[in-house]
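Quick notes on the structure that follows.
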Amino acid sequence: MKTVIYQVFTRLFGNQNTNCKEWGTLAQNGTGKLNDIDTKVLKRIKDLGVTHVWYTGVIRHATATNYSRYGIPRQHPDVVKGIAGSPYAICDYYDIDPDLATNVKNRMEEWESLIDRTHKAGLKVVMDFVPNHVARQYYSIAKPDHVKDLGEDDNQNWHFSTQNNFYYCWNQPLDLTDFRPEQTYKEIPAKATGNDRFSSHPTCNDWYETVKLNYGIDYCDAGGRSEHFDPIPNTWDKMTDILLFWAKKGIDAFRCDMAEMVPTAFWAWATDKVKYRFPDVQFIGEVYNPKEYRNYLGAGFDLLYDKVGMYDCVRDVICGNRPASSITYEWQATDDIRNHMLYFLENHDEQRLASDFFAGDARKGIPGMMVSAWLQQNPVMIYAGQEFGERGMDKEGFSGVDGRTTIFDYWCVDTIRRGYFQRRKLTTTEKALEQQYKQILNLALHERAIREGQFYDLMYAQSVCFDRQHLFAFLRKAATDTILIIVNFGEESRTAYVNIPKHAIDFLGIPTGDILAMDLLTKEARFFELTPDVEFPITIPALGAIVLKF
């Protein structure tokens, strides 16, 4: 089964409050709830061609919203980004974000019910695990009785100790006055900041709302960075217990934030313990350094982001900054681990395809989505709203106009609101785009040759007249089914003279002669003569593809 992940930013997804006031509070702008994602919504997600739903921002994180009447500690606004706060500034690993609950006191039960609904809909559940950093005011009120809190037994007189959960800047107070001139938040000694800033004076561009967790690496050792993994650092046990806590609730996969900022030694240790008890649980790693891919896969990860390679390449092809033929190099670079590389064109960190900062038109992303979903057997991911052409050009507050959908503010994403809760208000263009995504993803899931078949890149065999700037051609083959795919990134239709070399025919066992093929996108029958190393003409529609099965 090919994995297709649908990312839901849970706080925004179900919100139907269209007030959308810049820097708006919860009372002004509202929030989505776990209960908004009901059976009907889940069925629509599944029908899109999805196997997994990644619920982003479920664990309780730092927020400027006051929930103290429920016994939830308040967070100081000096160390919260935005009003709603970043879902990656976790303040209690064992708790659920109260924003998401219809009944705050029953927030855990509502999350468990969503897990159950998702499974009953035939979908798997992906949940964030944020291992590298926590909120500055981390304090768990929901941890099991036997668990000691992070930092509870730390010796704050030590900059580094394997038994400390945090790093400390000796007796220096945290100083945020460069961008918080009237800072009233007190932290003495200052803890090191989450993006490896081992100073009491982080800048506004640092992850100043978070603190770095200590996995046994002394980053400021006199001889340089040094590793101290024997005895096992205290943090290893505490973080593994957190993974096991959520795995027991039926989580199918953990998307591990900034996984490469945590040593592979920990991951090998933790994933082994989790998979021993829950062998089907998967780990998805946010790793950006291609040199580290195989190390993290060896440490127990099942899937890794292919951001620096395939994402950056396909984005450049969409924007006209690289030829389509450059895709060949990117798949070759990870060919030995291709089934583990997660392809995507959008997520909460990246700019929306339709934004002015990317393609400016969601339709231009369709060829990139086709390549991402059909190229290999690898998993693929889309971000909620992508299928409707969400532009991400709102000025929400802390996020600002950056082409991204905010993760810091209370907001309503209009395309998602209409796409899932008021479908009659979708435009003709949005409906057509959604149908294209549905067709692309369902072909990836259900067409055997695309889902699990062999892959053959045809680009090397094309003549100098073949439009390498805009066209990318390849074959997929499973059993007796062969599929020829040619994707057109151009805004005009193109006629290509395609050569299928003898090597491809022999390697894949493809029949030759007069061929009757079916275009899986248009359902039209096509005839052509297939002779080794002899070109034949095919016209490929603008911003589309031909997918000929024979």
Hey, is CH2 on W23 packed in by over 12 heavy atoms from elsewhere, all under 6.0 Å? yes
Can a donor-acceptor pair be found between the side chains of H348 and Q7 at a distance below 3.5 Å? yes
My understanding is that only residues two or more places apart in sequence, or in another chain, count here; which of them pass salt bridge (Lys or Arg N to Asp or Glu O under 4.0 Å) with D272? none
Compute whether any side-chain donor of one residue and acceptor of the other, for R255 and H52, lie under 3.5 angstrom apart. no
Looking just at side-chain N and O atoms, do N15 and Y410 make a donor-acceptor pair shorter than 3.5 Å? no
Assess, by modelled atom type and distance only, whether the side chains of W54 and D128 contain a donor and an acceptor separated by less than 3.5 Å. yes
Flag for D257-N132: side-chain donor and acceptor within less than 3.5 Å: no
Between H201 and T177, do the side chains contain a donor N or O and an acceptor N or O under 3.5 Å apart? no
Crowded around F179 CZ? As in, over 12 foreign heavy atoms under 6.0 Å? yes
Distance flag, aromatic centroids of F301 and W267, threshold under 6.0 Å: yes
I would like to know whether D414 and R417 meet salt bridge (Lys or Arg N to Asp or Glu O under 4.0 Å); could you show each step before the answer? CA-CA 5 Å; D414 188 56; R417 176 184 65 84; 2.5 Å; yes
Tell me whether the centres of the aromatic rings in Y293 and H340 are closer together than 6.0 Å. no
Under a 3.5 Å cutoff, is there a donor and acceptor pairing between the side chains of T102 and N35? yes
Can you name the one residue among Y6, F13, W246, W111 that meets ring pair (Phe, Tyr, Trp, His ring centres under 6.0 Å) with Y55? W111
Separation between OG1 of T118 and CD1 of I45, rounded to the nearest 0.5 Å: 8.0 Å
Validate the cation-pi geometry between K143 and Y94: distance from NZ or CZ to the six-membered ring centre under 6.0 Å, angle to the ring axis within 45°. no
Is the closest side-chain donor-acceptor distance between Y139 and Q137 under 3.5 Å? no
In Å, rounded to the nearest 0.5 Å, how long is the span from CZ of R294 to OG1 of T264? 14.5 Å
Using the ring centroid of each side chain, check whether Y305 and Y311 are separated by less than 6.0 Å. no
Between T235 and N165, do the side chains contain a donor N or O and an acceptor N or O under 3.5 Å apart? yes
Set out, in order, the CA-CA distance, both residues' side-chain angles and the distance that settles ring pair (Phe, Tyr, Trp, His ring centres under 6.0 Å) for F229 and W269, then state yes or no. CA-CA 11 Å; F229 301 152; W269 193 80; over 10 Å; no
Counting C-beta onward and ignoring hydrogens, is there a side-chain heavy-atom pair between R391 and R352 closer than 4.5 Å? no
Contacts of K186 meeting salt bridge (Lys or Arg N to Asp or Glu O under 4.0 Å) (sequence neighbours excluded), chain-then-number -> none
Is there a donor in the side chain of T203 and an acceptor in the side chain of N205, or the other way round, less than 3.5 Å apart? no
